[in-house]
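One structure is given below, encoded as structure tokens.
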Amino acid sequence: MDMTWDAQRDWPLLESGLAGRLRRDCMEEWERFIHHPFVRGLADGTLPENAFRNFLIQDYLYLVQYTRACALSVHKSTTVEDMRAAAALVSGILDTELPLHVNYCTGWGIDEDMLRRAPESLELLAYSRFILDRAQTGDLLDLLVTLAPCMIGYGEIGARLHADPATRRDGNPYWSWIALYGGQEFTDLVEGGIHRLNRVGAQYGADARYPMLRAEFNTAVRLEAAFWEAGQGTGV
Ligand SMILES: Cc1ncc(C[n+]2csc(CCO)c2C)c(N)n1
């Protein structure tokens, strides 16, 4: 029996609803994102450590820009419940995730000052400014669709690598990263995000706007795939 993680079997949440439909309709780009060579290098531990360090620095800068976009989802919300959910996510990132990321980076020899001073890569500039543009000019649904690949993708990558018997655990310097994204706490967060996206989709008439939403999702997936190389320093 194939014991590797399978979205259709192991994540029924993605079978129906807007999140699952978007993911299925962008499968080619989605696979390039979640099966990127960088991800394979994390799984078997062969990714050069310097590539990972540079990725962590760009990922810190990404989290900061992501949080700014998320903050706009408080403003874009039209019910108090949606505002509360959005505000909770913003606080969660600022108070918990960012400090965790900074701490994790310390373990890799990167201090907070280095994180804050690092120049933004072209991949980061493209991705974060795309998100911020959709956040500023779209409504709550455009914003959540644009942020969805980040959440669902890392959830799926974490779940896959965590469950796959071929993933190297012993002596793999990236195992703690895999365990974080494949763990229950992060899975719960992702599932909450999928429910929220499906709910807001129904509320904001996603079916009638589907081609536009799909284009936003697709662009974000392509930018996620490109982001694995954000730390490789080809930018000028
Ligand atoms: C490039 C990039 N994409 C996605 C994530 C994962 N991620 C960042 S914020 C967030 C949601 C709020 O916790 C998630 C899932 C990442 N770290 N870096």
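On a predicted model such as this, the values are computed, not experimentally measured, just so you know. Counting starts at 1 for both ligands and their atoms, in listed order.
The protein heavy-atom contact nearest to atom 2 (C) of ligand 1 is Tyr154 OH, 3.2 Å. Of all protein heavy atoms, the one closest to atom 13 (O) of ligand 1 is Glu97 OE2, 2.4 Å. Of all protein heavy atoms, the one closest to atom 3 (N) of ligand 1 is Glu224 OE2, 2.7 Å. Closest protein heavy atom to atom 7 (N) of ligand 1: Cys150 SG, 3.3 Å.
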Check your understanding: Between Arg53 and Asn50, does a side-chain hydrogen bond (donor to acceptor under 3.5 Å, both in side chains) hold up when you go through it step by step?
Key -> CA-CA 5 Å; Arg53 261 187 216 101; Asn50 230 20; 3.2 Å; yes

Review point. Do Thr167 and Tyr174 pass the side-chain hydrogen bond (donor to acceptor under 3.5 Å, both in side chains) test, and can you show the C-alpha distance, the side-chain angles, and the key distance before you say yes or no?
Key: CA-CA 10 Å; Thr167 298; Tyr174 310 117; over 6 Å; no

Practice item. Report the C-alpha distance between Trp228 and Tyr154 in whole Å, list the side-chain angles of each, state the deciding distance to 0.1 Å, and finish with yes or no for ring-ring contact (aromatic ring centres under 6.0 Å, His included). Key: CA-CA 12 Å; Trp228 294 121; Tyr154 275 53; 5.4 Å; yes

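Applying the side chain to side chain contact (heavy atoms under 4.5 Å, CB included) criterion to Ala126, with sequence neighbours excluded, gives Leu223.
Relative orientation of the Phe33 and Trp30 rings is perpendicular, given thresholds of 30° and 60° on the angle between their planes.
Annotation: Tyr127 places no N or O atom under 3.5 Å from an N or O atom of ligand 1; distance criterion only. Taking distance alone, with nitrogen or oxygen atoms compared against 3.5 Å, Tyr66 stays at or beyond that limit from ligand 1.
For the residue pair Thr78 / Tyr204, a side-chain donor-acceptor distance below 3.5 Å is found, with atom types taken as modelled.
In summary, of the residues considered (Leu89, Leu143, Val200), a side chain to side chain contact (heavy atoms under 4.5 Å, CB included) with Ser73 occurs for Leu143 alone.
Within ligand 1, the atoms closer than 4.0 Å to a non-hydrogen atom of Leu63 are 8 (C), 9 (S), numbered from 1 in the order shown. With ligand atoms numbered from 1 in the order given, ligand 1 contributes 1 (C) to contacts under 4.0 Å with heavy atoms of Phe227. The distance from ligand 1 to the heavy atoms of Phe186 drops below 4.0 Å at these ligand atoms: 15 (C). Listed by number with element, the atoms of ligand 1 under 4.0 angstrom from any heavy atom of Leu189 are 13 (O). Atom numbering of ligand 1 starts at 1 in the shown order; those under 4.0 Å from a heavy atom of Met151 are 11 (C), 15 (C).
Only the side chain of Tyr181 comes within 4.0 Å of ligand 1, counting heavy atoms alone; its backbone N, CA, C and O stay farther away.
Residue Asp59 holds the heavy atom nearest to atom 16 (C) of ligand 1 of all those in Leu147, Asp59, Leu61.
The existence of a salt bridge linking Arg24 and Glu15 is excluded, since no basic side-chain nitrogen approaches an acidic carboxylate oxygen closer than 4.0 Å. Of the charged side-chain nitrogens involved, none lies within less than 4.0 Å of a carboxylate oxygen, so that Arg134 and Asp139 do not count as a salt-bridged pair.
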